[in-house]
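Report on the following structure.
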Amino acid sequence: MESAPQKREMFYEGKAKKLYTTSDPDLVIQYFKDDATAFNAKKRGTIEDKGVMNNRMSELFFTLLERAGVRTHFVRRLDDREMLCKRLDIVPVETVVRNIVAGSMAKRLGRQEGESLKQPVVEYYYKSDPLDDPLIYPEHAIEFGWATASEIEQIKSLALRVNQVLKRFLDERGVLLVDFKLEFGRHKGEILLGDEICPDTCRFWDKQTRQKLDKDRFRRDLGGVEEAYHEMLRRVES
Ligand code: UDP
């Protein structure tokens, strides 16, 4: 086993993760917390062992994606709650891919949750807590210098590729990939997939029953939150 660079100081604390610098300036440690928030942190709670499950699930998804040719920030999992990653200069745009109508799309456009989309829809949101992450056009990101036109093009094609790979993998495990959010960043001039991929950032439904296996159980007080995360991990590990 390669020796891990030494953990130095925390330089960022978000809602679900903390980031630490390391003795290697190109690498950071991502620490996964159990804290759960929803509706821009207006609702708060904890989900027992969420950090452990999201760390492991993200490791499995990033490994799968790397094998499929998607470059990510993932280096390796260090322990239960820590993952070694390449340091990114984050593009302040959240990319959402949708296969089935749910959440904000259902609400904004007056569509029934559960309606299948003929083609995946890619949306972009500006990462801003004070503005509640508003929906944007890619042109806004280019205009305001959040990303170049070429970066937006790469992000869109990477997001659709991630969708293809995850959708197929999950389908084989009896799970519908409803929608998900991705974050990208620059590392040595290259756009890499960052952040995490887990039930906090994706909507997963059981293919047969359409039971929710993701953070909507927490957001909507449906109960069985921990059980849903465990069930998703069990399926992804199988
Ligand atoms: N999402 C996320 N972080 C956010 C907003 C959304 O990870 O800050 C994910 C969410 O889990 C879902 C997808 O992005 O899988 C689409 O979310 P939506 O726009 O429907 O918003 P929500 O209903 O979560 O407010």
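The first residue of the sequence shown is numbered 1, and numbering continues consecutively from there. For clarity, every value in this text was computed on a predicted model and none was experimentally measured. All ligand and atom numbering here is 1-based and tracks the order in the structure. Only heavy atoms go into these numbers, but all of them, side chains included; no hydrogens, no water, no symmetry mates.
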- Is there a heavy atom in Lys215 that sits closer than 4.0 Å to ligand 1? no
- Task: Could you list which atoms of ligand 1 come closer than 4.0 Å to a heavy atom of Cys202?
- Result: 11 (O), 15 (O)
- Query: Measuring from the heavy atoms of Asp200, does anything fall under 4.0 Å of ligand 1?
  - Reply: yes
- Return yes when atom NZ of Lys167 has more than 12 non-hydrogen atoms of other residues, nucleotides or ligands closer than 6.0 Å, and no otherwise. no
- Message: Are more than 12 heavy atoms, taken from residues, nucleotides or ligands other than Phe39, located less than 6.0 Å from that residue's CZ atom?
- Response: yes
- Identity and distance of the protein heavy atom lying nearest atom 13 (C) of ligand 1: Asp179 OD1, 3.5 Å
- Task: Answer yes if Val28 and Tyr12 sit in the same cluster of Ile, Leu, Val, Met, Phe, Trp and Tyr residues linked by side chain heavy atoms under 4.5 Å apart, and no otherwise.
- Result: yes
- Item | ligand 1 to Glu123 polar contact by distance, N or O atoms, under 3.5 Å | no
- Residue, atom and distance of the protein heavy atom nearest atom 2 (C) of ligand 1 read Lys181 CE, 3.5 Å
- Query: Does ligand 1 have an atom that lies less than 4.0 angstrom from a heavy atom of Lys107?
  - Reply: no
- Message: I'd like to know whether CZ of Arg67 has more than 12 heavy-atom contacts from other residues, nucleotides or ligands below 6.0 angstrom.
- Response: no
- Message: Among all the protein's non-hydrogen atoms, which is closest to atom 4 (C) of ligand 1, and how far away is it?
- Response: Glu94 OE1, 3.7 Å
- Item | cation_pi(Arg220, Phe218) dist<6.0 Å, angle<=45 | no
- Distance-only side-chain donor-acceptor flag, Asp80 / Asn55, under 3.5 Å: no
- Task: Could you tell me which atoms of ligand 1, counted from 1 in the order shown, lie closer than 4.0 angstrom to a heavy atom of Gly103?
- Result: 20 (O), 23 (O)
- Would you mind telling me which of Asp200, Asp35, Asp34 makes a salt bridge (charged side-chain N to carboxylate O under 4.0 Å, His left out) with Lys50? Asp200
- Tell me, which protein residue and heavy-atom name are nearest atom 23 (O) of ligand 1, and how many Å apart are they? Arg203 NH2, 2.8 Å
- Task: Find out if a path of hydrophobic residues (ILVMFWY) with successive side-chain heavy-atom gaps under 4.5 Å connects Ile47 to Met57.
- Result: yes
- Quick one: does Tyr125 get within less than 4.0 Å of ligand 1, heavy atoms only? yes
- Query: Can you tell if the side chain of Arg217 reaches within under 4.5 Å of the side chain of Gln211, non-hydrogen atoms only?
  - Reply: yes
- protein heavy-atom neighbour closest to atom 18 (P) of ligand 1 works out as Ser104 OG, 3.3 Å
- Sub-4.0 Å protein heavy atom next to atom 10 (C) of ligand 1: yes
- Item | Exercise check, heavy-atom protein proximity under 4.0 Å to atom 25 (O) of ligand 1 | no
- What atoms of ligand 1 come within less than 4.0 Å of a heavy atom belonging to Asp133? 8 (O)
- Should Tyr125 and Val162 be counted in the same cluster of Ile, Leu, Val, Met, Phe, Trp and Tyr side chains packed under 4.5 Å apart? no
